[in-house]
Amino acid sequence: MITLEQVNTQWGRYYLDPDGVRYDSVTTILSKTQVPDANLKRWLAHATPAQKADAARKRDEGAKRGTAMHTMVENFFQHGVEGEGPYWNSIRRFLDLVEVVHEQELRVAHSVLRYAGTLDMLADVDDEPTLIDWKTADKIKPVAWIKDYFLQCAAYTAALRHEDGDRIE
């Protein structure tokens, strides 16, 4: 596996290998290739400053929630510490299905296509190597809204297969 340094900018994230070769971040690529939602554009055009501030607050809360969830999962597998709260409760039964944790926060890269990312966990579930990327949300989202999640996992899977020959389904 390639050793990469993560670089965060106001325009997104990318990675650099030891020779200075750039690998674009999967999540940054996906954010820049999304088709703009017409409803969101309409809302933004008419939203008040207070509404936009509320939306930014919710976005920031979501980021904090995701970070807290990742920390709870890492503490559970590294130290046996149980998490708490509704998001923890929603995944707790699944965690019992995890047989072996191979890596947490695993950086993966595709050296030919020059993209990279950090998957949350590579573990065995039901005797199968399984790529896991934790997501949190206040409400269940329609599949149409989360297609990028599937693309993100597909990109990570392709990188693992390309670099290590791992067969993750």
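Numbers here are sequence positions counted from 1. Quick caveat, the model's predicted, so the values are computed rather than measured.
The CG atom of L119 sits 8.5 Å away from atom OG1 of T157, with the distance rounded to the nearest 0.5 Å. Here the straight-line distance linking atom CG of L122 with atom CG of D133 works out to 12.0 Å at 0.5 Å rounding. Rounding to the nearest 0.5 angstrom, the gap separating the CE atom in M121 from the CD atom in E74 is 8.0 Å. Once rounded to the nearest 0.5 Å, the distance linking OG1 of T136 with CD1 of I91 reads 10.0 Å. Between the CG atom in L106 and the CG atom in D120 there is a gap of 10.5 Å [rounded to 0.5 Å]. The CD atom of E103 sits 11.5 Å away from atom OG1 of T118, with the distance rounded to the nearest 0.5 Å.
Taking the six-membered ring where tryptophan is involved, the planes of F94 and W134 are perpendicular, since the angle between them exceeds 60° and thus also 30°.
Hydrophobic cluster membership is shared by V108 and I29, with clusters built from Ile, Leu, Val, Met, Phe, Trp and Tyr side chains linked at under 4.5 angstrom. At a threshold of 4.5 Å between side-chain heavy atoms, the hydrophobic network of Ile, Leu, Val, Met, Phe, Trp and Tyr places V81 and M72 in two separate groups. Under the 4.5 Å side-chain heavy-atom criterion for Ile, Leu, Val, Met, Phe, Trp and Tyr, L113 and V26 are members of the same hydrophobic cluster. A single hydrophobic cluster is not seen to contain both L151 and I146; linkage of ILVMFWY side chains at heavy-atom distances under 4.5 Å, directly or through other members, places them apart. Placement of V143 and Y149 within a single hydrophobic cluster is found when ILVMFWY residues are connected by side-chain heavy-atom separations under 4.5 Å, directly or transitively.
If you check the side chains of Y23 and R114, you find a donor sitting under 3.5 Å from an acceptor. No hydrogens or angles considered: nothing links the side chains of T28 and Y115 as a donor-acceptor pair under 3.5 Å. With hydrogens and angles left out, the side-chain atoms of Q152 and K135 include a donor and acceptor closer than 3.5 Å.
With contacts defined as side-chain heavy-atom distances shorter than 4.5 Å, the pair V7/T9 qualifies. Between Y15 and D24 there is no side-chain heavy-atom pair separated by less than 4.5 Å. Put simply, the side chain of R65 reaches to within 4.5 Å of the side chain of Y87, judged on heavy atoms. When side chains are defined from C-beta on, R92 counts as touching E82, because their heavy atoms get closer than 4.5 Å.
Heavy-atom minimum distance, L131 versus C153: CD2-SG, 3.7 Å. The two residues P129 and D124 have their closest heavy-atom pair at CA-OD1, 3.5 Å. Between E99 and D127, the shortest heavy-atom distance links the atoms OE1-N, 2.8 Å. The two residues Y156 and G117 come nearest to each other via the heavy atoms CE2-CA, 3.6 Å.
More than 12 non-hydrogen atoms from other residues, nucleotides or ligands lie less than 6.0 angstrom from CZ of R57. Heavy atoms of other residues, nucleotides or ligands lying less than 6.0 angstrom from NE2 of H79 number more than 12. Within a 6.0 Å radius of NZ in K64, other residues, nucleotides and ligands contribute 12 heavy atoms or fewer. The local environment of CD in E61 is crowded, with over 12 non-hydrogen atoms from other residues, nucleotides or ligands closer than 6.0 Å.
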Set out, in order, the CA-CA distance, both residues' side-chain angles and the distance that settles side chain to side chain contact (heavy atoms under 4.5 Å, CB included) for R93 and N89, then state yes or no. CA-CA 8 Å; R93 287 190 317 172; N89 295 338; over 6 Å; no
As a quick check of understanding, evaluate side chain to side chain contact (heavy atoms under 4.5 Å, CB included) for M69 and T71, giving each step before the final call. CA-CA 5 Å; M69 180 66 130; T71 300; over 6 Å; no
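For the pair E163 (side chain) and S111 (backbone), a donor-acceptor distance under 3.5 Å is present. In this structure a side-chain-to-backbone donor-acceptor pair under 3.5 Å is missing from H162 to A158. Q51 contributes a side-chain N or O that, together with a main-chain N or O of T48, makes up a donor-acceptor pair within less than 3.5 Å. Under the 3.5 Å distance criterion, the side-chain polar atoms of R107 are matched with a main-chain donor or acceptor of L4. Using modelled atom types, no side-chain atom of D126 and backbone atom of E128 make a donor-acceptor pair closer than 3.5 Å.
Salt bridge present: K58 and D54 bring a charged side-chain N and a carboxylate O closer than 4.0 Å.
Listed by chain and residue number, nothing satisfies the salt bridge (charged side-chain N to carboxylate O under 4.0 Å, His left out) test with R42 (two or more places apart in sequence, or in another chain). For F76, the ring-ring contact (aromatic ring centres under 6.0 Å, His included) partners are W88, not counting sequence neighbours.
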